[in-house]
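To keep things clear, I will list the structure first and then write my remarks on it.
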Amino acid sequence: MKLTVLPDAGQAAKAAASRMAEQIRSKPNAVLGLATGGTMEPVYEAFLRHETKGLDLTQIRSFNLDEYIGLPADHPQSYHRYMQEHLFDQIGMDAGRSHIPNGLADPTLEARRYEAALLEQGPVDLQLLGLGRNGHIGFNEPGSPFSSLTRAVDLAESTRESNKRFFKEGNLPPERAITMGIATILRAQHIVLLAVGEAKAEAVARMVAGEVTEEMPASVLQGHAQVEVLLDPAAAQGLQDGPIPKPLAG
């Protein structure tokens with residue numbers, strides 16, 4: 001696991017965008033594993049602003065990590081809508097080359113279909129990841145089996161609480177989602193995880209130097225051959241010499 005601490009959150013996001021561009025330059029038909037959420041917004045902004053000039057984007061394919069169950073693609077908080085607004089519309093991404101789970105389909109059947117598509121069109125060359133405060137990657141909450149494949153999951157209350165800022169006041173995110181499983185994520189050739197802010201420091205420390213346990217899903221990345229963790233100083237502050245933080249609640 002390679003750790004890179006950048007001067008600030010903006011530079012960390014820009015570094016993640018650069019990793020995307022480097023992958024596409026080296027392999028124009030790359031398969032990208034994409035993530036969503038507040039952490040990724042500046043990544044896509046930096047990619048569009050600084051990295052697309054002279055870059056051939058006509059052959060790339062993408063698979064997103066997850067989608068809420070019950071939200072139509074045009075819902076303001078669906079990850080379909082997120083990706084259109086933050087990346088796909090600006091680069092002219094063909095719908096046939098971008099893949100996001102269908103939140104309105106039968107969850108079990110859709111998860112199987114999505115996993116099969118990943119196996120057929122993969123492996124993912126570069127997987128972007130964020131990090132939940134409770135250590136989740138994708139929507140693989142604490143307790144998720146390391147052997148898990150794409151599936152429907154129940155979201156932790158802490159995850160829903162964290163994500164409610166994206167929804168209208170009084171509305172909470174759905175209780176369930178379809179997510180790539182941990183074993184699915186680990187098939188990626190190269191993983192880039194971005195974590196910024198003091199709120200992520202405890203999870204970062206446990207991910208990097210704590211026990212590898214299903215109660216800290218991101219800790220599984222310690223065993224992947226090609227993982228780069230991009231941090232700002234606030235997220236890295238728990239990596240100083242000292243005891244590993246105790247497990248997070250929730």
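Being a predicted model, the structure only gives us computed values, none of them experimental.
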*Going by heavy atoms in the side chains, are Val5 and Leu239 under 4.5 Å from each other?*
no
*With a cut-off of 6.0 Å (strictly less than), are more than 12 heavy atoms of other residues, nucleotides or ligands near CD of Glu198?*
no
*What is the ring orientation for His86 with Tyr82, classed by angle as parallel under 30°, tilted 30 to 60°, or perpendicular over 60°?*
tilted
*Residues Glu115 and Arg187 bridged, charged N to O under 4.0 Å*: yes
*Please work out whether the ring planes of Phe167 and Tyr68 are parallel, tilted or perpendicular, with thresholds of 30° and 60°.*
perpendicular
*Would you say Leu109 and Phe63 are hydrophobically clustered, going by side-chain heavy atoms of ILVMFWY under 4.5 Å?*
no
*Starting from the C-alpha separation in whole Å, work towards a yes-or-no answer on side chain to side chain contact (heavy atoms under 4.5 Å, CB included) for Leu34 and Ile100.*
CA-CA 9 Å; Leu34 301 179; Ile100 305 174; over 6 Å; no
_Residue pair Ser219 / Thr213: nearest heavy atoms and the distance that separates them_ = OG-N, 3.0 Å
*asked:* Using the rule that Ile, Leu, Val, Met, Phe, Trp and Tyr join whenever any side-chain heavy atoms are under 4.5 Å apart, tell me whether Leu149 and Phe139 fall into a single cluster.
replied: no
_Over 12 non-hydrogen atoms of neighbours within 6.0 angstrom of CD in Glu175_ = no
_Shortest non-hydrogen separation from Leu6 to Pro233 and the atoms involved_ = O-CD, 3.0 Å
*asked:* Are Glu214 and Ser144 packed together at the side-chain level, in the sense that at least one heavy-atom pair is separated by less than 4.5 angstrom?
replied: no
*Please tell me if the side chains of Met93 and Met83 come closer than 4.5 Å, counting only heavy atoms from C-beta onward.*
no
*Determine whether Leu32 and Ile24 make a side-chain contact, defined as any pair of heavy atoms from C-beta on separated by less than 4.5 Å.*
yes
*asked:* Within the 4.5 Å heavy-atom criterion, are Val153 and Glu141 side-chain neighbours or not?
replied: no
*Any Lys/Arg nitrogen of Glu51 or Arg25 sitting under 4.0 Å from an Asp/Glu carboxylate oxygen of the other?*
yes
